[in-house]
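Letters A, B, ... are given to chains in the order of the sequence lines, protein chains preceding strands, and every chain is numbered from 1. Predicted, not measured: the structure shown is a model, and the values here were computed from it.
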2 protein chains.
Amino acid sequence: MTPTPFLVAVDVVVFAIRRGRLEALLVRRANDPYRGRWALPGGFVEAREDLEAAARRELREETGLADLHLEQLYTFGDPKRDPRGRVISAAYLAVAPPGKSAARAGSDAAAVAFHAARQPPAIAFDHAAVLAKAVDRLRTKSEYSTLPLRLLDSPFTLSELQRVYEVLLERPLDKRNFRKKMLALEALEETRGFRREGAHRPAKLYRLSPRSPNLLKEKGILFPF
Amino acid sequence: MTPTPFLVAVDVVVFAIRRGRLEALLVRRANDPYRGRWALPGGFVEAREDLEAAARRELREETGLADLHLEQLYTFGDPKRDPRGRVISAAYLAVAPPGKSAARAGSDAAAVAFHAARQPPAIAFDHAAVLAKAVDRLRTKSEYSTLPLRLLDSPFTLSELQRVYEVLLERPLDKRNFRKKMLALEALEETRGFRREGAHRPAKLYRLSPRSPNLLKEKGILFPF
DNA sequence: CCAAAAGTGTTGGCGTTACACCCATGG
DNA sequence: CCATGGGTGTAACGCCAACACTTTTGG
């Protein structure tokens, strides 16, 4: 008895901070099933393709986004999750800084747009559950990893970074403590540059230090404050 | 153009504490490929089967183990990971208390046995990577979740529990601090019973409290000590 | 000179770590 | 009565949270 063949898909939750909130990228489906519905970007894995490569390819094809930080999230395998038959989906989580989040509708997509990640519109398949899990994971990782830094263009100011954390954690943080802790990580590198904008003191610019540890745990440092 | 069909497998890393160390369950393969090699228990997902259900079924069929705590670990999809063709595998992590770890070789298994999880023998497919990832995950979760409690039969003594943590974290813990912190969680429930064995004072027995939170984080409590 | 955001230190409280002795039992 | 592991409290320390004013700039 030979095993059942499956179709294998990848879906990608791309997060960005926009309009002062956490948003995720959705595409309006150009084809059935769920034609016209919003859905996560994604599609079928090709014959000789690695899962992560498939996620990157689909993301690029449907939305034009590339070179994002990407990590595997969870694999969804409910037998009834796709009306076309037996489709399992490996979901990936991505974070896009503003400079890499200019999406344009590509193949299979009638439109692409960022939506409030915590109050998404009606979406196709089980993608609401996928999105919810991604939000949860991003929030959790915000408390012990440097993942949030990747939501900003480099270089960035500490105030910008603090706003990112505040959006992710949904609570205000103390400026002095934030800066103290963030600098203590030695994950940031000071640049020579300043951001001057508006009628106030210019802000120092930082970038993610090349060999910074990804996990704050290693230094025993945890957010929240 | 129709998408490539895949085979979908599940593999399970079952951990147990035995001989004072962390061990994982392996089966000796009865069939090609890799006949005669040790491998993780696992197999193909059936047509209308959920991934977790498949993991439980394969585990039961091959090793006789059932009713274990199970969680999804990671999905491995390297196109060359299986010589039979395009097979992706959703890996699961399970923990077995001594009372549920009496394995016996079942279908497809010439033998089953626990092996040192951190120095496994040569194993089939990419299962060494799967196992390594599982060890890493278990260790990490030991620092902020009550997962380790599930490596013991209930009820258990605090000394037994401490030994589990010490094996997982690979370092000695202070007895008084351990007890203080563990009891502060309110994850444990004191029973009426005592364990008397050997020539010393009997030890109080505890069980995992029914509604205990799974994540210590929620109480702001973290191991290490 | 005013508005606006950047930048900077100290302190009190709390939680964590470090540490040593008595208890209950079986043989 | 001795050996064995079970069980318990406290003090010093270090880390974290709370908190307000000065700096620099543009207009």
Side-chain angles (χ1 to χ4, degrees), chain A residues 17 20 142-144 152-153 155-167 169-207 216-225, chain B residues 17 20 142-144 152-167 169-207 215-225:
Chain A
I17 306 289
S142 298
E143 291 180 356
Y144 67 88
L152 287 175
D153 290 317
F156 47 81
T157 73
L158 287 176
S159 295
E160 289 163 354
L161 184 56
Q162 181 174 342
R163 269 171 235 125
V164 169
Y165 272 95
E166 288 174 336
V167 167
L169 299 177
E170 297 180 288
R171 97 183 100 106
L173 300 176
D174 179 85
K175 182 161 56 157
R176 278 171 291 190
N177 293 336
F178 179 83
R179 294 158 108 88
K180 220 182 310 170
K181 230 167 183 173
M182 195 53 76
L183 294 174
L185 296 180
E186 299 175 3
L188 299 188
E189 200 172 75
E190 196 175 326
T191 69
R192 297 274 170 72
F194 288 84
R195 163 126 42 231
R196 4 184 215 113
E197 60 171 20
H200 55 82
R201 181 170 173 175
K204 277 186 202 159
L205 290 169
Y206 295 81
R207 70 167 68 93
L216 309 190
K217 266 187 305 195
E218 294 162 17
K219 301 193 74 89
I221 297 181
L222 291 178
F223 300 85
F225 296 64
Chain B
I17 305 290
S142 298
E143 290 180 358
Y144 66 88
L152 287 174
D153 289 316
S154 220
F156 47 80
T157 72
L158 287 176
S159 296
E160 290 164 354
L161 185 56
Q162 182 175 340
R163 269 171 234 124
V164 169
Y165 272 95
E166 288 175 336
V167 167
L169 300 177
E170 296 181 290
R171 99 181 97 108
L173 301 176
D174 179 84
K175 181 161 56 157
R176 277 171 292 192
N177 293 335
F178 179 83
R179 294 158 108 86
K180 218 182 312 171
K181 229 166 184 175
M182 194 54 75
L183 294 173
L185 297 180
E186 298 174 5
L188 299 188
E189 199 171 74
E190 197 174 326
T191 70
R192 296 272 169 73
F194 288 84
R195 166 136 21 228
R196 10 186 210 112
E197 60 170 20
H200 56 83
R201 179 170 176 176
K204 278 185 201 157
L205 290 170
Y206 295 81
R207 70 167 68 92
L215 297 186
L216 309 190
K217 266 187 306 196
E218 293 161 17
K219 301 192 74 87
I221 297 183
L222 291 178
F223 300 84
F225 296 63

Legend entry - Along DNA chain C (nearest heavy atom to each residue), the more 5'-positioned of B/G198 and A/R163: A/R163
Inset, instruction - Find the distance B/F178:CZ to D/dT8:C1' and express it as a whole number of Å. - result: 16 Å
Inset, instruction - In whole angstrom, give the distance that lies between atom CG of A/L183 and atom C1' of C/dT8. - result: 11 Å
Legend entry - Note, B/E189 side chain near B/Y206 side chain (heavy atom, < 4.5 Å): no
Legend entry - Candidates D/dA17, D/dG6, D/dG9 - which lies nearest the side chain of B/R176: D/dG9
Legend entry - Whole angstrom value for the distance that separates C1' of D/dG7 from CG of B/L158: 10 Å
Inset, instruction - State, to 0.1 Å, how close B/S154 and B/R207 come at their nearest heavy-atom pair, and which atoms those are. - result: OG-CB, 3.2 Å
Legend entry - Sub-4.5 Å side-chain heavy-atom contact between A/M182 and A/Y165: yes
Inset, instruction - For the side chain of B/K180, starting at C-beta, report the closest nucleotide among D/dG6, D/dG9, D/dT25. - result: D/dG9
Legend entry - D/dG5 phosphate, OP1 or OP2, under 4.0 Å from B/S159 side-chain N/O: no
Legend entry - Whole angstrom value for the distance that separates P of C/dA24 from CG of B/L205: 17 Å
Inset, instruction - Report the nucleotide, chosen from D/dA3, D/dG7, D/dG9, that has the shortest atom-to-atom distance to any side-chain atom of B/N177. - result: D/dG9
Legend entry - Nearest-neighbour nucleotide for the A/P202 side chain, C/dT25, C/dC23, D/dT25 considered: D/dT25
Inset, instruction - Answer yes or no: is there a donor N or O on one side and an acceptor on the other, between the side chain of B/Q162 and the main chain of B/L173, under 3.5 Å? - result: yes
Inset, instruction - Taking only the side-chain heavy atoms of B/H200 (C-beta and beyond), determine which of C/dA3, C/dA6, D/dG6 contains the nearest atom. - result: D/dG6
Legend entry - Nucleotide nearest A/A203 when distance is taken to its side chain, options C/dC19, D/dG7, C/dA6: C/dA6
Inset, instruction - Answer yes or no: side-chain N or O of B/K181 and base N or O of C/dT17 forming a donor-acceptor pair under 3.5 Å. - result: no
Inset, instruction - Quickly work out the B/R195 CZ to D/dG7 P distance and round it to whole Å. - result: 11 Å
Inset, instruction - Write down the distance between CZ (B/F194) and P (C/dT25), rounded to a whole number of angstrom. - result: 9 Å
Inset, instruction - Using a 4.0 Å heavy-atom cut-off across all strands, classify B/K204 as base, sugar-phosphate, or nothing. - result: sugar-phosphate
Inset, instruction - Would you confirm whether A/T191, through its side chain, and A/L205, through its main-chain N or O, come within 3.5 Å as a donor-acceptor pair? - result: yes
Inset, instruction - Kindly say if A/R179 contacts the phosphate of C/dT8, meaning a side-chain N or O under 4.0 Å from OP1 or OP2. - result: no
Inset, instruction - Find the distance A/Q162:CD to C/dT8:C1' and express it as a whole number of Å. - result: 14 Å
Inset, instruction - Grab the CZ-C1' distance between B/F156 and D/dG5 for me, whole Å please. - result: 18 Å
Legend entry - Residue B/D174, side-chain heavy atoms: nucleotide from C/dC19, C/dG7, D/dC19 that is nearest: C/dC19
